[in-house]
Amino acid sequence: MPELPEVETVARSIAPLVGRRIVAAEFRGLRVLRGGDPDAMAASLQGRRIDSIRRYGKFILVSLRGGGYLTIHLGMTGKLLLGGPSGKHTHAILTLDRGGVLLYDDSRQFGRLQYSTEFPPRIEKLGPEPLEVPFETFADALVRRKTRIKALLLNQDFLRGIGNIYADEALFRAGIHPLAMASRIRGERARCLHRAIAEVLREAIAAGGSSISDYVDAQGRKGFFQFSHRVYQRTGEPCVTCGTAIRRVLVAQRSSHFCPRCQKR
DNA sequence: ATCGGTACCTGCACGC
DNA sequence: TGCGTGCAGGTACCGA
């Protein structure tokens with residue numbers, strides 16, 4: 001499901017858990033623990049109070065009182081759900097005080113849950129937040145890279161949180177072809193892309209994200225930004241600006257949707 | 001140090 | 001009805 005706007009929506013929807021205590025933790029699917037020991041992890045979480053819940057790109061970081069972190073990444077199909085019945089793809093169940101339950105569901109198991117005593121190094125290494133990065137930082141990083149702009153936007157060490165949907169949507173709004181070389185985007189075009197990224201992410205957050213297949217927030221609510229997609233998964237449909245059929249190409253092994261007339265290399 | 005390609009999973013839509 | 005194929009919001013890891 002989840003890119004920055006979806007993860008932001010999920011993080012906000014579990015914000016009421018701040019201040020609550022984890023009474024018990026149970027882990028089923030071990031794949032999402034990535035080799036972590038389920039019993040040790042349960043023991044580390046049990047009895048701990050949640051101090052804060054923060055999003056870093058597509059990661060959710062749950063800080064525990066007295067030190068320690070639970071890092072959650074939703075992968076492609078991960079869901080956090082407040083209450084509700086557990087199912088075939090439920091991999092973790094956190095029981096909270098005052099009767100709360102938080103489930104982690106993930107059919108493809110590309111997501112992961114990790115406990116660490118230190119701030120996670122992977123999060124440390126991420127690029128800046130796309131909604132906060134100053135233009136100069138963004139533009140400087142662009143010219144250094146020897147890759148296609150679409151591949152670069154998907155690279156979490158460049159900017160954190162952009163995925164396939166919002167990369168395509170931002171490039172369309174900026175009028176830039178997904179195969180354009182990053183280092184050749186300068187001046188006004190770079191400024192335009194910087195603005196388009198922030199704009200599309202803000203609009204998507206306001207819409208509660210994009211519900212492509214079954215994405216929902218922790219309260220089971222769907223987003224509705226999918227109705228505002230201009231190119232993503234609109235192959236063959238007319239461009240909203242010029243009417244030309246939207247095309248699909250592979251860039252870095254990912255489907256990329258663009259208007260061949262509006263978006264220049 | 002960076003880059004592109006592949007592996008990791010399950011489920012669904014499609015054509016035959 | 002069933003089977004094979006291709007596709008899907010993700011990252012990690014490998015070799016070049």
Side-chain angles (χ1 to χ4, degrees), chain A residues 1-11 28-36 55-61 71-80 87-91 104-114 120-127 130 141-171 178-183 197 200-201 204-205 207-217 222-229 231-236 247-257:
Chain A
M1 72 163 88
E3 301 181 29
L4 188 154
E6 291 77 31
V7 180
E8 176 66 23
T9 304
V10 169
R28 297 176 177 176
L30 301 184
R31 169 152 250 288
V32 297
L33 300 185
R34 293 289 195 283
R55 179 191 60 73
Y56 294 85
K58 300 172 193 168
F59 291 82
I60 294 172
L61 189 69
T71 305
I72 302 168
H73 195 292
L74 302 172
M76 291 276 246
T77 50
K79 288 198 248 300
L80 285 170
K88 183 179 169 187
H89 299 297
T90 303
H91 305 297
Y104 180 71
D105 271 45
D106 189 351
S107 62
R108 288 177 75 182
Q109 298 168 257
F110 285 170
R112 55 188 182 285
L113 305 176
Q114 250 176 327
R122 182 63 191 96
I123 294 183
E124 203 90 62
K125 277 180 46 194
L126 293 170
L142 266 188
V143 294
R144 290 168 198 284
R145 300 304 193 110
K146 225 173 124 50
T147 187
R148 315 261 176 201
I149 185 59
K150 170 66 186 281
L152 185 57
L153 290 178
L154 294 177
N155 182 346
Q156 303 298 296
D157 299 333
F158 172 64
L159 289 178
R160 61 192 196 221
I162 299 174
N164 213 29
I165 297 175
Y166 300 104
D168 282 5
E169 294 297 321
L171 287 171
L179 289 170
M181 295 308 292
S183 56
I197 289 167
V200 74
L201 292 176
I205 290 170
S210 302
S211 286
I212 297 294
S213 65
D214 61 349
Y215 156 74
V216 287
D217 72 10
K222 288 189 172 197
F224 48 90
F225 195 71
Q226 65 277 17
F227 302 118
S228 301
H229 293 173
V231 286
Y232 183 73
Q233 286 189 346
R234 291 192 63 242
T235 308
R247 297 244 291 262
R248 173 180 171 273
V249 283
L250 277 188
V251 189
Q253 314 305 118
R254 309 293 301 279
S255 281
S256 301
H257 313 79

Quiz item: Where the side chain of A:Ser255 is concerned, which of C:dA8, C:dG10, C:dT11 is the nearest nucleotide?
Solution: C:dA8
Quiz prompt | Proximal nucleotide (of B:dG5, C:dA8, C:dG10) relative to the A:Arg254 side chain | solution = C:dG10
Quiz item: Does A:Leu152 or A:Lys88 map to a spot on DNA chain B nearer the 5' end, using the closest nucleotide for each?
Solution: A:Leu152
Practice problem: Write down the partner of B:dC9 under the Watson-Crick or G-U wobble criteria, each distance required to be under 3.5 Å. | Solution: none
Practice problem: Hey, which sits more toward the 5' end of DNA chain B by its nearest nucleotide, A:Arg34 or A:His89? | Solution: A:Arg34
Practice problem: Would you classify A:Tyr232 as touching base, sugar-phosphate or nothing, given that sugar-phosphate means primed atoms plus P, OP1 and OP2, and contacts are heavy atoms under 4.0 Å? | Solution: sugar-phosphate
Practice problem: Would you indicate what A:Thr235 reaches in the nucleic acid, counting non-hydrogen atoms under 4.0 angstrom: base, sugar-phosphate, or nothing? | Solution: nothing
Exercise. Identify which nucleotide among C:dG10, B:dG4, B:dT10 has an atom closest to any side-chain atom of A:Asn164, counting heavy atoms from C-beta outward.
Key: C:dG10
Quiz prompt | Among C:dA12, B:dG5, C:dC7, the nucleotide that comes nearest once only the side chain of A:Arg122 is considered | solution = C:dA12
Quiz item: Taking CD from A:Gln156 and C1' from B:dT2, how many angstroms apart are they, rounded to a whole number?
Solution: 17 Å
Quiz item: Any salt bridge between A:Arg112 and A:Asp106, counting N to O under 4.0 Å?
Solution: no
Quiz item: Where the side chain of A:Lys146 is concerned, which of C:dC7, C:dG10, B:dC3 is the nearest nucleotide?
Solution: B:dC3
Exercise. Choose from B:dC9, C:dG10, C:dA8 the nucleotide whose nearest atom is closest to any side-chain atom of A:His73.
Key: C:dG10
